[in-house]
S.K.: 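Before I ask anything, here is the structure I am working with.
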Amino acid sequence: MIIIAERINASRRHVAQAIDSENAAFIQSEAKAQAAAGASYIDVNAGTFVGEEAEKLSWVVRTVQEAVDTPLCLDSPDPKVIESVLPLVKTNPVMINSINLEPARLDGLLPLVAEHRTKVIGLCQSEDMMAETVDDKVRLAEKLVRAVADAGIPLDDLFIDPLVYPVSTNTRSALATVMAIEKIMAEFPEVHTTCGLTNVSYGLPLRKLINRTFLVTAVSRGLDSAILDPTDTQLYGALRSALVLMGKDDFCMNYVTDFRAGRFE
């Protein structure tokens with residue numbers, strides 16, 4: 001399971017304050033905690049700094065890399081920001097978060113993915129549609145697969161995010177998403193699927209309970225990556241136990257290892 005750690009995101013108030021004041025100790029503490037908790041990638045985002053995003057994200061990249069050697073996921077929809085930051089990244093492989101089917105974003109980012117041989121998250125979203133039904137999600141996933149293949153990018157480098165919306169406003173969104181994951185993994189076995197997990201619980205009490213339950217359900221349908229907080233020990237434990245029960249952890253070795261390391265309750 002590929003874990004993309006979500007905590008260094010400027011949409012979080014304390015993170016934005018740390019970036020703005022160049023509080024390296026805070027950012028590095030977040031990076032170290034997520035790396036120690038089992039992150040495969042550390043997502044870095046400075047998107048709230050309009051007009052300064054490239055400068056702020058560059059500082060975050062340098063700061064995180066001074067603390068950990070975990071690969072980075074560069075989180076910006078702006079091709080110019082990604083292009084300016086990519087030369088600073090020392091760890092491989094790099095991931096870009098994200099492309100969608102909007103021509104400007106697709107045409108701006110795919111050449112960078114191909115040139116730098118990065119991984120890339122592809123959102124099931126076009127210029128005129130944010131897919132809500134299973135059929136829409138799978139149809140847009142197919143278009144993403146075709147675009148990536150046509151750009152000469154290996155499909156193993158594509159992580160499709162079918163996009164889950166808050167069940168508080170769309171009760172069937174979680175079900176549509178997990179059904180789409182199952183179909184995408186069956187029809188395009190070379191690709192990965194991922195998900196911005198916490199969207200599903202927005203507006204509800206006990207959000208972490210909803211997040212855990214959704215993650216386990218999605219893993220049972222084939223989800224092989226997730227954007228989440230690996231320092232949430234209950235969430236991480238649910239993930240590891242789901243992988244055991246789905247036969248994706250031979251002899252439960254990862255489960256036992258992580259338990260002994262104190263990574264989950």
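Remember, predicted model here, so these are calculated numbers, not experimental data.
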S.K.: Who pairs with R13 by salt bridge (Lys or Arg N to Asp or Glu O under 4.0 Å), at least two apart in sequence or on another chain?
M.R.: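 With neighbours one apart ignored, the set is empty.
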S.K.: In this structure, are over 12 heavy atoms from other groups packed under 6.0 Å from Q17 atom CD?
M.R.: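 It does: Q17 CD has more than 12 such atoms within range.
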S.K.: Might you point out which heavy atoms bring P79 and L112 nearest each other, and give the distance in Å?
M.R.: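 For P79 and L112, the tightest heavy-atom pair comes out as O-CD1, 3.6 Å.
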S.K.: Mind jotting down which residue pairs meet the ring pair (Phe, Tyr, Trp, His ring centres under 6.0 Å) criterion with at least one end in residues 221-258? Sequence neighbours excluded, please.
M.R.: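 Passing the test, one end in residues 221-258: Y255-F264.
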S.K.: Would you say L101 ends up clustered with L123 if hydrophobic residues are merged whenever their side chains have heavy atoms under 4.5 Å apart, either directly or through other cluster members?
M.R.: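 No: no chain of side-chain contacts under 4.5 Å links L123 to L101.
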S.K.: Find out if a path of hydrophobic residues (ILVMFWY) with successive side-chain heavy-atom gaps under 4.5 Å connects M1 to V191.
M.R.: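 In one cluster: yes.
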S.K.: Does some side-chain heavy atom of N254 sit less than 4.5 Å from a side-chain heavy atom of V244?
M.R.: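 V244 does not reach N254 side chain to side chain.
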S.K.: Looking only at atom types and distance, does a side-chain atom of Y165 sit under 3.5 Å from a main-chain N or O of A131, one as donor and one as acceptor?
M.R.: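 At least one qualifying donor-acceptor pair exists.
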S.K.: I need the minimum non-hydrogen distance between A31 and V64, along with the two atoms involved.
M.R.: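 That would be CB-CG1, 3.9 Å.
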S.K.: May I ask you to decide if C124's main-chain N or O and K137's side chain share a donor-acceptor pair within less than 3.5 Å?
M.R.: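 No; zero donor-acceptor contacts below 3.5 Å.
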S.K.: Do any pairs count as a ring pair (Phe, Tyr, Trp, His ring centres under 6.0 Å) and have a residue in residues 21-50, sequence neighbours left out, and if so which ones?
M.R.: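 Passing the test, one end in residues 21-50: no pairs.
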S.K.: Using the side-chain contact (heavy atoms from CB on, under 4.5 Å) rule, take V134 and K183 through it: C-alpha gap first, then chi angles, then the decisive distance, then the call.
M.R.: CA-CA 9 Å; V134 177; K183 287 194 171 187; 4.0 Å; yes
S.K.: Can you tell me how far the CG atom of L163 sits from the CG atom of N199, to the nearest 0.5 Å?
M.R.: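 Between L163 CG and N199 CG, I get 8.0 Å after rounding to 0.5 Å.
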S.K.: Restricting to salt bridge (Lys or Arg N to Asp or Glu O under 4.0 Å), what partner residues turn up for R117, sequence neighbours left out?
M.R.: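 Testing R117 for salt bridge (Lys or Arg N to Asp or Glu O under 4.0 Å), a comparison that skips the adjacent residues, returns none.
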S.K.: Nearest 0.5 angstrom please: C73 SG to I121 CD1, how far?
M.R.: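 It is 4.5 Å, given to the nearest 0.5 Å.
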S.K.: Can V61 and V89 be said to form a side-chain contact (heavy atoms from CB on, under 4.5 Å), step by step?
M.R.: CA-CA 7 Å; V61 166; V89 181; 4.2 Å; yes
S.K.: Does anything in residues 150-170 form a salt bridge (charged side-chain N to carboxylate O under 4.0 Å, His left out)? List the pairs, not counting sequence neighbours.
M.R.: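 Counting only pairs at least two positions apart or across chains, the salt bridge (charged side-chain N to carboxylate O under 4.0 Å, His left out) contacts touching residues 150-170 are K119-D156, K119-D157.
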S.K.: Rounded to the nearest 0.5 Å, what's the gap from CZ on R12 to OG1 on T48? Could you check?
M.R.: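 R12 atom CZ to T48 atom OG1 measures 12.5 Å (nearest 0.5 Å).
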S.K.: Determine whether L228 and I3 satisfy the following criterion, side-chain contact (heavy atoms from CB on, under 4.5 Å), listing intermediate values before the conclusion.
M.R.: CA-CA 7 Å; L228 52 78; I3 297 172; 3.6 Å; yes
S.K.: Please find the pair of heavy atoms, one from I181 and one from A218, that lie closest to each other, and give the distance.
M.R.: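 Of all heavy-atom pairs spanning I181 and A218, the closest is CD1-CB, 4.1 Å.
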S.K.: Find out if a path of hydrophobic residues (ILVMFWY) with successive side-chain heavy-atom gaps under 4.5 Å connects F159 to F188.
M.R.: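 No.
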S.K.: Can a donor-acceptor pair be found, under 3.5 Å and without considering hydrogens, that links the side chain of Q65 to the backbone of L88?
M.R.: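 Yes, Q65 side chain to L88 backbone: donor-acceptor pair under 3.5 Å.
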S.K.: Let me know which of V113, I153, V120 forms a side-chain contact (heavy atoms from CB on, under 4.5 Å) with L158.
M.R.: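 The option that passes is V120.
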S.K.: Which pairs, with at least one residue in residues 229-257 and sequence neighbours excluded, count as a salt bridge (charged side-chain N to carboxylate O under 4.0 Å, His left out)?
M.R.: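 Only R7-D229, R240-D258 qualify under salt bridge (charged side-chain N to carboxylate O under 4.0 Å, His left out).
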S.K.: Hey, does the side chain of T63 reach the backbone of W59 with a donor-acceptor pair shorter than 3.5 angstrom?
M.R.: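 Judged by distance alone, yes, a pair lies under 3.5 Å.
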S.K.: If a pair satisfies salt bridge (charged side-chain N to carboxylate O under 4.0 Å, His left out) and one of its residues is in residues 42-64, list it, with sequence neighbours excluded.
M.R.: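 Residue pairs with at least one partner in residues 42-64: D20-K56.
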S.K.: Linking Ile, Leu, Val, Met, Phe, Trp and Tyr by side-chain heavy atoms under 4.5 Å, what else ends up with L209?
M.R.: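 Cluster partners of L209: L206.
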S.K.: Can you name the nearest heavy-atom pair linking A54 to V85, along with the distance?
M.R.: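 That closest heavy-atom pairing would be O-CG2, 4.1 Å.
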S.K.: State plainly whether one hydrophobic cluster holds both I2 and V219, where clusters connect Ile, Leu, Val, Met, Phe, Trp and Tyr through side-chain heavy atoms under 4.5 angstrom apart.
M.R.: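 I2 and V219: separate clusters.
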S.K.: Return each pair, listed once, that meets side chain to side chain donor-acceptor pair (under 3.5 Å) where at least one residue sits in residues 210-227; pairs must be two or more places apart or across chains.
M.R.: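 Sorted result for residues 210-227: E182-R221, H192-D224, T194-S225, S201-N211, R212-Q234.
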S.K.: Go through the structure and list residues passing side chain to side chain donor-acceptor pair (under 3.5 Å) with N23, not counting sequence neighbours.
M.R.: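 If we apply the side chain to side chain donor-acceptor pair (under 3.5 Å) test to N23, skipping adjacent residues, there are no hits.
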S.K.: If I compare all heavy atoms of V167 with all of A174, which pair ends up nearest, and what's the gap?
M.R.: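 It is CG1-CB, 3.8 Å.
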S.K.: Which one of L197, V178, T193 satisfies the side-chain contact (heavy atoms from CB on, under 4.5 Å) criterion with L223?
M.R.: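 Considering L197, V178, T193, a side-chain contact (heavy atoms from CB on, under 4.5 Å) with L223 is found only for T193.
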S.K.: Give, for atom CD of E132 and atom CE of M130, the distance between the pair rounded to the nearest 0.5 Å.
M.R.: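 Those atoms lie 8.0 Å apart.
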S.K.: According to a hydrophobic-cluster definition based on side-chain heavy atoms being under 4.5 Å apart (Ile, Leu, Val, Met, Phe, Trp, Tyr only), do L110 and V145 belong together?
M.R.: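 Yes, because L110 and V145 connect within a single hydrophobic cluster, where side-chain heavy atoms sit under 4.5 Å apart.
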S.K.: Could you name each residue pair satisfying salt bridge (charged side-chain N to carboxylate O under 4.0 Å, His left out) that touches residues 86-108, not counting sequence neighbours?
M.R.: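 Qualifying pairs: none.
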S.K.: Tell me which pairs pass ring pair (Phe, Tyr, Trp, His ring centres under 6.0 Å) where either residue lies in residues 193-215, with sequence neighbours left out.
M.R.: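 Every candidate ring pair (Phe, Tyr, Trp, His ring centres under 6.0 Å) pair involving residues 193-215 fails, so no pair, neighbours aside, qualifies.
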S.K.: Below 4.5 Å, heavy atoms only, C-beta onward: do V15 and I27 meet side chain to side chain?
M.R.: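 Yes, side chains in contact.
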S.K.: Of the non-hydrogen atoms in S76 and L109, which two are nearest, and what is the gap between them?
M.R.: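 Taking S76 first and L109 second, the nearest heavy atoms are O-CD1, 4.5 Å.
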S.K.: Determine whether N97 and L74 satisfy the following criterion, side-chain contact (heavy atoms from CB on, under 4.5 Å), listing intermediate values before the conclusion.
M.R.: CA-CA 6 Å; N97 184 9; L74 303 178; over 6 Å; no
S.K.: Just do the side-chain hydrogen bond (donor to acceptor under 3.5 Å, both in side chains) check on D136 and T133 with the steps written out, would you?
M.R.: CA-CA 5 Å; D136 286 345; T133 69; 3.2 Å; yes
S.K.: Measuring from N9:CG to I227:CD1, what's the distance to the nearest 0.5 Å?
M.R.: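 Nearest 0.5 Å value for the CG-CD1 distance: 10.0 Å.
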S.K.: Within this structure, what is the CG-CG distance for the pair D75 and L57, rounded to the nearest 0.5 Å?
M.R.: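 Interatomic distance, D75 CG to L57 CG, rounded to 0.5 Å: 8.5 Å.
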S.K.: Evaluate whether atom CZ of R172 has more than 12 neighbouring non-hydrogen atoms of other residues, nucleotides or ligands under 6.0 angstrom away.
M.R.: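 At most 12 heavy atoms, drawn from other residues, nucleotides or ligands, come within 6.0 Å of this atom.
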